[in-house]
Number of protein chains: 2
Amino acid sequence: MFLEDISLATKRIPAVCGSCELGCVCLCTSLPAAERSKLIEQVVRPTRIRAGDHIYRAGEPFQWIYAIKTGHVKTYAQNGSGEERIVGFPMAGDTLGLEALHERYHNVSSVALIDTTACRISVRAFERFATEISGMQRQLLLTLSRDIARHHQWLITENQRAERRVAAFLIRIADKQKARGEDPEKILLPMSRADIGSYLNLAHETVTRALSCIAKTGSIRTKRRKIDIDDIEQLREQAFDPDYHFG
Amino acid sequence: MFLEDISLATKRIPAVCGSCELGCVCLCTSLPAAERSKLIEQVVRPTRIRAGDHIYRAGEPFQWIYAIKTGHVKTYAQNGSGEERIVGFPMAGDTLGLEALHERYHNVSSVALIDTTACRISVRAFERFATEISGMQRQLLLTLSRDIARHHQWLITENQRAERRVAAFLIRIADKQKARGEDPEKILLPMSRADIGSYLNLAHETVTRALSCIAKTGSIRTKRRKIDIDDIEQLREQAFDPDYHFG
DNA sequence: CGACTCCTTGATCGAACTCAACGTCTGTGG
DNA sequence: CCACAGACGTTGAGTTCGATCAAGGAGTCG
């Protein structure tokens with residue numbers, strides 16, 4: 001996906017590229033014809049972001065469509081008085097910034113939680129070559145469609161109590177890690193309790209209490225940001241089984 | 001937009017078609033060349049839905065992309081034990097069903113709140129003519145992007161108290177009516193208090209109480225589903241101004 | 001008119017928020 | 001290496017907002 005990867009594309013494809021949402025312009029998924037590779041050279045640009053650095057801020061013009069290769073990011077919205085709300089934690093394989101497609105400027109901010117690498121395509125290039133990379137248009141449509149479907153599923157867990165929402169949050173992270181071929185039972189959260197709370201609409205103390213409560217049942221063990229899942233099936237029940245009741 | 005409208009397209013374009021999200025295949029926005037009109041004849045099909053009838057149900061295959069011409073719809077998700085949660089109230093000018101693009105089947109259900117007419121394009125036709133109607137692909141990308149951006153804005157109001165959320169709900173409806181050229185100060189809600197509550201994550205009694213509370217300030221008058229907005233600026237403060245506090 | 005659904009209002013209860021204090025980890029500089 | 005600062009996490013106590021339960025009112029349709 002990086003420019004320097006072009007010559008390597010036939011040799012070794014990083015695992016994360018297989019699920020990358022920029023796949024249709026990316027060398028990793030379809031070997032390019034000469035012209036196509038030229039297009040891609042003009043289009044794809046790699047970028048590295050240090051932990052704590054912003055990738056973009058709300059209000060800035062929409063310049064790049066990103067796909068995260070490694071790392072973890074948080075995106076947040078702010079209201080008039082500066083209160084912020086986490087809207088998501090994009091990680092490797094996710095695209096970033098697409099919500100700005102409509103208004104042409106970002107209405108959320110995006111910051112790296114840990115050191116992160118991301119591939120990007122300039123919006124101008126994307127627009128210019130819209131027909132050539134209509135496969136990518138389609139890919140982005142699918143991505144956005146899936147995001148919306150996920151949001152709908154999310155709504156269902158939203159009126160559940162705190163322990164369930166936190167359990168569901170952990171399950172989703174574990175599932176995502178599993179899909180990426182990582183160990184789903186060892187979670188290293190890159191974000192603070194306050195971030196989780198902002199995302200789940202809970203106070204940070206409530207997140208802590210919920211984690212303690214879940215830990216007491218034996219599903220997980222917590223050591224600050226390290227979470228070990230000992231009984232993922234029970235955790236799944238705690239998250240989604242309406243018959244399960246805590247303590 | 002309806003087949004029978006084709007001959008009329010040059011004479012009178014319904015106001016709602018100007019903002020229709022199927023615009024790029026619709027006769028109302030761009031007069032067709034002979035071939036294009038033939039394509040459109042194959043593609044666009046009108047449909048009428050009676051109040052209470054389902055347009056599609058969760059689990060059904062994804063067959064049509066809809067654009068609502070007149071009427072009002074609610075979409076809802078269900079969890080394993082049958083509890084439902086309203087995910088949105090699409091109205092005239094909105095597209096419907098796109099969240100299914102990714103999984104190829106619907107994961108929410110959609111039902112008309114009042115008698116509704118909708119234009120639709122079959123997914124098969126859309127896929128078959130994907131290159132010809134790449135303008136529509138782009139249009140749908142913008143639509144989904146905007147939906148996600150709206151969701152992000154929605155998150156900010158979500159941790160506010162009940163009165164604010166209800167006030168914000170009314171403001172959004174008023175703004176949408178204004179955008180469609182209707183009177184923004186006379187709202188006729190097509191959905192029940194329970195539906196609003198499910199959407200806002202509130203009990204239906206809380207919705208009633210919030211409306212009563214807002215009415216007491218003089219911003220609105222409520223008569224069951226008829227809401228008159230008397231002071232929209234105050235209502236806007238009640239929804240979004242962090243300095244505003246209720247009685 | 002009666003049956004039904006929806007809306008409204010009141011009273012009580014509980015889950016989560018807020019405030020506060022303390023514990024724990026990390027990084028920095030002497 | 002240790003001391004310290006600062007950020008983050010945990011736990012407890014009191015409060016509050018909204019859910020729940022309950023009852024009655026109002027509109028609608030046969």
Side-chain angles (χ1 to χ4, degrees), chain A residues 50-52 74 83 85-86 111 113-115 157-170 187-216 220-228 238 242 244-247, chain B residues 50-52 74 83 85-86 111 113-115 157-170 187-216 220-228 238 242 244-247:
Chain A
R50 287 184 191 283
K74 75 172 178 183
E83 299 165 65
R85 176 88 197 263
I86 307 285
V111 60
L113 291 165
I114 55 177
D115 287 353
T157 63
E158 204 180 32
N159 58 346
Q160 305 292 320
R161 33 180 305 173
E163 292 84 354
R164 301 218 150 191
R165 266 183 283 173
V166 173
F169 177 74
L170 294 177
I187 293 177
L188 181 57
L189 296 173
M191 74 293 279
S192 70
R193 302 286 191 264
D195 283 341
I196 299 172
S198 171
Y199 181 59
L200 298 178
N201 207 6
L202 297 171
H204 69 93
E205 299 95 325
T206 308
V207 175
T208 290
R209 274 186 258 269
L211 284 170
S212 304
C213 174
I214 296 168
K216 249 180 232 151
I220 62 170
R221 276 169 298 148
T222 66
K223 202 186 293 175
R224 288 179 81 83
R225 297 194 180 184
K226 280 212 294 276
I227 313 273
D228 288 342
Q238 289 165 341
Y244 189 97
H245 293 290
F246 283 88
Chain B
R50 286 183 192 283
K74 74 172 177 184
E83 302 164 64
R85 175 89 198 261
I86 307 284
V111 60
L113 290 165
I114 55 178
D115 287 353
T157 62
E158 202 180 33
N159 58 347
Q160 305 292 319
R161 33 180 307 167
E163 292 85 354
R164 300 218 151 189
R165 266 183 283 173
V166 173
F169 177 75
L170 294 177
I187 293 177
L188 182 57
L189 297 172
M191 74 294 281
S192 69
R193 301 286 191 264
D195 284 340
I196 299 172
S198 172
Y199 181 59
L200 298 179
N201 207 4
L202 297 170
H204 70 93
E205 299 95 326
T206 307
V207 175
T208 290
R209 272 186 258 270
L211 284 170
S212 304
C213 175
I214 296 169
K216 248 180 235 152
I220 61 171
R221 275 168 298 148
T222 67
K223 202 187 291 174
R224 289 180 80 81
R225 297 194 180 184
K226 281 214 292 274
I227 313 273
D228 289 340
Q238 289 164 342
Y244 189 96
H245 293 288
F246 283 87

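Every heavy atom of this structure was used, including side-chain atoms; hydrogens, water molecules and symmetry mates were not. In what follows, every chain begins at residue 1, and chains take the letters A, B, ... in the order their sequences are listed.
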Between [options], which nucleotide has the shortest distance from any of its atoms to the side chain of [X]?
X        : options                : value
A:Thr206 : C:dC17, D:dG9, C:dT9   : C:dC17
B:Ser212 : C:dC7, C:dT9, D:dG9    : C:dT9
B:Arg165 : C:dA20, D:dG18, D:dC21 : D:dG18
B:Leu202 : C:dA16, C:dC25, D:dG18 : D:dG18
B:His204 : C:dC6, C:dT8, D:dG9    : C:dT8

(Q) Under 4.0 Å, counting only non-hydrogen atoms across every strand here, what does B:Arg224 touch: a base, just sugar-phosphate, or nothing? (A) base

Q.
Need one value for B:Asn201: base, sugar-phosphate or nothing, where a base atom within 4.0 Å counts as base even if backbone is also close, heavy atoms only.
A.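 Result for B:Asn201 = sugar-phosphate.
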
Between [N] ([atom2]) and [X] ([atom1]): distance, integer Å:
X        : N      : atom1 : atom2 : answer
A:Glu205 : D:dA13 : CD    : P     : 15 Å
B:Lys216 : C:dT8  : NZ    : C1'   : 11 Å
A:Ile114 : C:dT26 : CD1   : P     : 16 Å
A:Leu211 : C:dA16 : CG    : P     : 14 Å
B:Phe246 : D:dG18 : CZ    : P     : 11 Å
A:Leu113 : D:dC8  : CG    : C1'   : 15 Å
B:Arg164 : D:dC17 : CZ    : P     : 13 Å
A:Arg161 : C:dC17 : CZ    : P     : 12 Å

Q) OP1 or OP2 of D:dT11 sitting under 4.0 Å from any side-chain N/O of A:Arg209? A)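 Answer is no, no contact under 4.0 Å.
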
**Q.** Any B:Arg225 side-chain nitrogen or oxygen under 4.0 Å from OP1 or OP2 of C:dC7
**A.** yes

Q: Would you check if B:Arg225 and B:Ser192 make a side-chain contact, meaning some heavy-atom pair closer than 4.5 Å?
A: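 The answer is yes, as the side chains (C-beta and beyond) meet within the 4.5 Å cut-off.
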
(Q) Quick check: do A:Leu189 and A:Asp195 have side-chain heavy atoms less than 4.5 Å from each other? (A) no

Q. If each of A:Ala203 and A:Lys223 is mapped to the nucleotide of DNA chain C with the nearest heavy atom, which maps nearer the 5' terminus, i.e. the 5' end?
A.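 Final value for this comparison: A:Ala203.
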
Report yes or no: does [X] contribute a side-chain atom to a donor-acceptor pair with the main-chain N or O of [Y] at less than 3.5 Å?
X        : Y        : result
A:Asp115 : A:Ala51  : yes
B:Arg85  : B:Tyr199 : yes
A:Arg165 : A:Gln160 : yes

Q. If you take atom types as modelled and just measure distance, does the side chain of B:Glu163 reach the base of D:dC17 with a donor-acceptor pair under 3.5 Å?
A.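 No such pair is found, so the answer is no.
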
